[in-house]
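Here, residue 1 is the first one in the sequence, and each next residue gets the next number. For the numbers below, each heavy atom of this structure counts, side chains included, while hydrogens, waters and symmetry mates do not.
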Amino acid sequence: MQKVSIASLLSSNVYPGRGIIVGTTPDGTKAVTAYFIMGRSENSRNRVFRAEGNDVMIYPYDESKVEDPSLIIYAPVRALKNKLIVTNGDQTDTIRDFLNKHDSFENALRTRGFEPDKPNYTPRISALLHFNASYWYQMSILKCADGEGKKCNRFTFDLASVPGLGHFIHTYQGDGKPLPSFEGEPEQIETMNDIDAFTSAIWNNLNEDNKISLFVRYINPKTGEADTRIVNKYQ
């Protein structure tokens, strides 16, 4: 699979939904991760990212407008010792709890399924970055298998750190009714050494009407030192 720029992928897709990127900078010195959310309804658009220590939380921008908090308020990012969890839902905490019991990413996600938002059945996407003897990462997607919300397919990818390479997985192939779920392996993208340039390339190419919030973090795998950017449409 050929690497492409994240700008070209995002600018050609009006509604990728929620997306996770994990990879390595071209100079090989930093782990790269990013997570963005989009929304079409007032409930979905009423959100902001906030850093809480090394974690990130999603909160309503205007609490008076919250209709259903169950699928919009969660911790998309949790930092553990030598690991970082990034997901599009409350499975972040499921993964954290399993890892704290010395269990696995895969086993945690076997207890979860896609979101119950009929008829879209939005996939749950997740990533786990490992910083042990070497840096590597896993990505996962849980998808509806039968179109009726009764069966779930679970896909996990174990991915090596390659300088200049990132992997991108998102919830939807594009806009539609119902929204079509992501298909295939994580897309391969080009990363950048400059966190601000990479943040701008993502944010500036997300659909202006639908983009809501973006988190980007560069991490030194050897020291754990991290640099983070958060961009919210509603400040």
Asker: When you look at R78 and N54, which way does the side chain to side chain donor-acceptor pair (under 3.5 Å) test go after all the steps?
Answerer: CA-CA 7 Å; R78 293 284 195 196; N54 290 322; over 6 Å; no
Asker: Any sub-3.5 Å donor-acceptor pair from N88's side-chain atoms to I125's backbone N or O?
Answerer: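 Between the backbone of I125 and the side chain of N88 there is a qualifying donor-acceptor contact (under 3.5 Å).
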Asker: In Å, rounded to the nearest 0.5 Å, how long is the span from NZ of K101 to CG of N107?
Answerer: 10.0 Å
Asker: Provide the closest heavy-atom pair for L84 versus T33 in the form atom of the first, atom of the second, distance.
Answerer: CD2-CG2, 3.8 Å
Asker: Test your reading of the model: is there a side-chain donor-acceptor pair from T92 to the backbone of A75, 3.5 Å cut-off?
Answerer: yes
Asker: Closest heavy-atom contact between F131 and A31?
Answerer: CE2-CB, 3.7 Å
Asker: Could you state the interatomic distance from NZ (K3) to CG (L165), rounded to the nearest 0.5 Å?
Answerer: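 If we round to the nearest 0.5 Å, K3:NZ and L165:CG are 6.0 Å apart.
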Asker: Given 3.5 Å as the limit, does a donor-acceptor pair link the side chain of K83 with the main chain of N132, or not?
Answerer: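 No, the answer is negative, given that no donor and acceptor are paired below the 3.5 Å cut-off.
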Asker: Looking at OG1 of T228 and CZ of R217, how far apart are the two atoms once the value is rounded to the nearest 0.5 Å?
Answerer: 3.5 Å
Asker: Donor-acceptor pair, N204 side chain versus S200 backbone, under 3.5 Å?
Answerer: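 Flag set: sc N204 to bb S200 pair under 3.5 Å.
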Asker: Determine whether a donor-acceptor pair (N or O, by modelled atom type, separation under 3.5 Å) exists between the side chain of Q173 and the backbone of E183.
Answerer: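 Indeed, once roles are kept as given, a pair shorter than 3.5 Å links the two residues.
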Asker: When rounded to the nearest 0.5 angstrom, what distance separates OG1 in T199 from CZ in F215?
Answerer: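 Answer for the OG1-CZ pair, T199 versus F215, is 10.0 Å.
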Asker: Looking at N193, D194, T25, which one forms a side chain to side chain contact (heavy atoms under 4.5 Å, CB included) with Y218?
Answerer: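 Result: among N193, D194, T25, T25 is the only option passing the side chain to side chain contact (heavy atoms under 4.5 Å, CB included) with Y218.
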Asker: For A79 and D55, which heavy atoms make the closest approach, and how far apart are they?
Answerer: N-OD1, 2.9 Å
Asker: For the residue pair T171 / R18, report whether a side-chain donor-acceptor contact shorter than 3.5 Å exists.
Answerer: no
Asker: Does the distance from a Lys or Arg side-chain N to an Asp or Glu carboxylate O, for D227 and R229, drop under 4.0 Å?
Answerer: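 A salt bridge links D227 with R229.
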Asker: Under a 3.5 Å cutoff, is there a donor and acceptor pairing between the side chains of R45 and N210?
Answerer: yes
Asker: Side chains of R154 and K143: closer than 4.5 Å at any heavy-atom pair?
Answerer: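 Of all side-chain heavy-atom pairs linking K143 with R154, none is under 4.5 Å.
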Asker: Can you confirm if the aromatic rings of H170 and Y172 lie within a centre distance of less than 6.0 Å?
Answerer: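 Not close enough - the centres of the two rings lie 6.0 Å or further apart.
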Asker: Output yes when R40 and D209 qualify as a salt bridge under the 4.0 Å nitrogen-oxygen rule, no when they do not.
Answerer: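 No, no charged N to carboxylate O under 4.0 Å.
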Asker: Quick check on D175: does its CG atom have over 12 non-hydrogen neighbours (other residues, nucleotides or ligands) under 6.0 Å away?
Answerer: yes
Asker: Please lay out, stage by stage, how S126 and S140 fare under the test side chain to side chain donor-acceptor pair (under 3.5 Å).
Answerer: CA-CA 5 Å; S126 308; S140 166; 5.1 Å; no
Asker: Step through it carefully: locate the ring centre of F114, locate the ring centre of Y121, and say whether they are under 6.0 Å apart.
Answerer: yes
Asker: According to a 4.5 Å side-chain heavy-atom criterion applied to Ile, Leu, Val, Met, Phe, Trp and Tyr, with indirect links allowed, do V22 and I219 form part of one hydrophobic cluster?
Answerer: yes
Asker: Between Y137 and H167 (judged by ring centroids, cut-off 6.0 Å), do the two rings come close enough to count as a pair?
Answerer: yes
Asker: A quick test of your reading: do over 12 heavy atoms of other residues, nucleotides or ligands sit less than 6.0 Å from CD of E225?
Answerer: no
Asker: I'd like to know if D90 pairs up with R124 as an ion pair, taking the criterion as any Lys NZ or Arg NE/NH1/NH2 lying under 4.0 Å from an Asp or Glu carboxylate oxygen.
Answerer: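 Yes, D90 and R124 are salt-bridged.
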Asker: Donor-acceptor pair, distance only, cut-off 3.5 Å: does the side chain of N205 make one with the backbone of A201?
Answerer: yes
